[in-house]
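Here is the structure we will look at, set down as structure tokens.
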Amino acid sequence: MPVSLLALAMSAFAIGTTEFVIMGLLPQVAGDLQVSIPLAGWLISGYALGVAIGAPIMAILTARLPRKMTLLLLMVIFIVGNLMCALAYSYNLLMLARIITALCHGAFFGIGSVVAANLVAPNRRASAVALMFTGLTLANVLGVPLGTALGQALGWRSTFWAVVVIGFISLLALYTKLPAVKEEQPTNLRKELSALRGLGIWLSLLMTVCFAAAMFALFTYIAPVLTDITGVSPHGVSWTLLLMGVGLTVGNVLGGRLADWKLPVSLTLTFLLIALFSVLFSVTSHHLVTAEVTLFLWSAAAFAAVPALQINVVAYGKNAPNLVSTLNIAAFNVGNALGAWVGGAVIAGGLGLTMVPVAAGGLALLGFVLCVFTFRRAARNAVA
């Protein structure tokens with residue numbers, strides 16, 4: 001694999017860390033800025049909203065720029081946003097800084113995945129995208145726990161200062177290692193928008209929404225399920241999250257290889273496995289060993305879908321790779337919010353924590369149905 005892919009993965013690590021590390025620092029942030037925990041929690045929602053709204057806007061605004069220049073510009077915005085986070089002295093300023101940081105997120109992953117796919121042979125594109133997204137999974141495995149520990153020891157601002165440093169290193173790596181494509185033509189904005197007319201691209205984006213909803217319906221509430229149902233200690237939850245992070249990483253690599261082999265099979269099988277392990281967890285969650293094994297398998301199945309979903313939308317929107325890849329990241333964040341809402345509604349409705357994974361399984365089955373319908377429709381159109 002080209003060294004330039006490692007530069008993209010390092011950037012993904014930095015972006016993933018700054019997105020998720022705030023979850024472990026909420027008590028420190030709330031206490032320092034004198035706001036409630038629920039209000040501090042909106043810093044997470046604000047970031048997700050910034051990604052969903054900012055992703056297509058940034059893709060359109062940078063449409064005529066070369067991809068390397070665009071990625072460098074987005075990384076500069078990322079550094080500035082995290083610098084503002086580290087210096088924010090009020091809740092409102094921190095929220096603004098989080099939203100500014102989020103503006104680069106969707107466009108970077110969207111355009112970055114297109115660049116990653118073009119760095120290798122066509123039969124290795126999903127694996128290349130998977131390698132880039134390995135940075136995101138490592139952010140969950142290493143970045144979040146280490147960033148949380150740093151913030152707890154030296155203050156939450158120290159974590160954002162550390163991310164700024166990682167951002168500068170990533171910017172330098174992108175500048176020196178990412179090749180500039182001289183024959184690359186400026187993006188035709190009208191052509192990009194016209195690629196969104198087909199039903200296939202919207203079905204593919206809806207698949208991503210279903211995937212993210214199925215994942216975050218369970219992932220958002222995994223801590224209370226582990227503590228209240230499985231009986232895991234708060235310290236044990238951290239180790240379980242580490243195990244799940246390893247599962248995400250393994251699934252991401254295997255999913256890329258499976259998608260390179262047969263993308264339709266990869267996605268349909270992955271959705272089925274997510275549904276199976278989600279529902280199974282509602283039973284196995286009552287016992288520690290079975291719960292841990294099920295969560296590892298669920299994590300591997302979940303992130304196996306990520307490279308396949310990204311390659312799939314580009315296949316349907318090949319005339320607008322930058323825009324559709326970025327929209328796919330926006331769709332992921334929409335599904336994130338939807339899944340968290342579904343899981344919360346199950347709990348608020350008095351159905352109990354063990355029904356949360358069942359609801360997640362239902363969302364995964366909906367994604368499976370969409371896969372079958374979309375790929376059968378594509379097969380019929382190909383024959384016709």
Side-chain angles (χ1 to χ4, degrees), residues 20 23-24 26 37-38 41-42 44-45 48 140 206-248 251 267-306 309 331-373:
F20 296 115
M23 298 177 185
L26 279 186
I37 291 291
W42 278 98
I44 300 170
S45 302
N140 285 280
L206 193 54
M207 278 187 222
T208 298
V209 172
C210 288
F211 158 73
M215 180 177 178
F216 283 95
L218 175 56
F219 201 23
T220 303
Y221 303 98
I222 193 62
V225 172
L226 287 170
T227 55
D228 296 354
I229 304 299
T230 312
V232 176
S233 68
H235 181 69
V237 171
S238 299
W239 284 105
T240 300
L241 291 176
L242 177 62
L243 176 68
M244 294 176 69
V246 174
L248 293 175
L267 278 177
T268 51
L269 177 61
T270 299
F271 271 110
L272 273 180
L273 289 176
I274 294 172
L276 172 64
F277 293 132
S278 295
V279 175
L280 184 62
F281 182 63
S282 67
V283 178
T284 61
S285 60
H286 294 277
H287 305 281
L288 178 61
V289 175
T290 55
E292 298 286 312
V293 171
T294 306
L295 283 176
F296 176 83
L297 294 174
W298 176 85
S299 301
F303 242 66
V306 171
L309 287 167
F332 181 87
N333 280 271
V334 170
N336 181 336
L338 175 61
W341 177 82
V342 169
V346 169
I347 298 170
L351 297 178
L353 287 169
T354 55
M355 287 302 295
V356 171
V358 175
L363 291 169
L365 282 177
L366 179 59
F368 168 76
V369 172
L370 272 173
C371 279
V372 173
F373 175 78

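Being a predicted model, the structure only gives us computed values, none of them experimental.
Here the shortest heavy-atom pairing between L363 and A213 reads CD1-O, 3.5 Å. Annotation for Y221 and A340: closest pair OH-O, 2.7 Å, computed over non-hydrogen atoms. When all heavy atoms of A364 and F271 are compared, the closest pair comes out as O-CD2, 3.4 Å. Looking at every heavy atom in both residues, S285 comes nearest to I229 through OG-CG2, 3.6 Å. Minimum interatomic distance between A214 and I274 (heavy atoms only, all atoms of both residues): CB-CG2, 4.4 Å. Smallest separation of non-hydrogen atoms from A217 and A360: CB-CB, 4.0 Å.
In this structure, F332 has its ring center closer than 6.0 angstrom to the ring center of F216.
To the nearest 0.5 Å, the span separating CG on L276 from CG on L269 amounts to 10.5 Å. Taken to the nearest 0.5 Å, the SG atom of C371 stands 7.5 Å off from the CG atom of L309. If you take CD1 on I222 and CH2 on W298, they are separated by 7.0 Å, rounding to the nearest 0.5 Å. Distance check, rounded to the nearest 0.5 Å: CG of L267 to CG of L272 gives 11.5 Å. Note: L226 CG to T240 OG1 = 5.0 Å, rounded to the nearest 0.5 Å. N336 contributes atom CG, which lies 13.0 Å from atom OG1 of T208 (distance to the nearest 0.5 angstrom).
Counting heavy atoms of neighbouring residues, nucleotides and ligands inside a 6.0 Å radius, atom NE2 of H286 exceeds 12 of them.
Exactly one residue among F219, F296, F303 makes a side-chain contact (heavy atoms from CB on, under 4.5 Å) with M244. That residue is F219.
Judged by distance alone, the side chain of T230 and the main-chain N or O of T227 form no donor-acceptor pair under 3.5 Å.
The shortest distance between side-chain heavy atoms of M215 and V306 does not fall below 4.5 Å.
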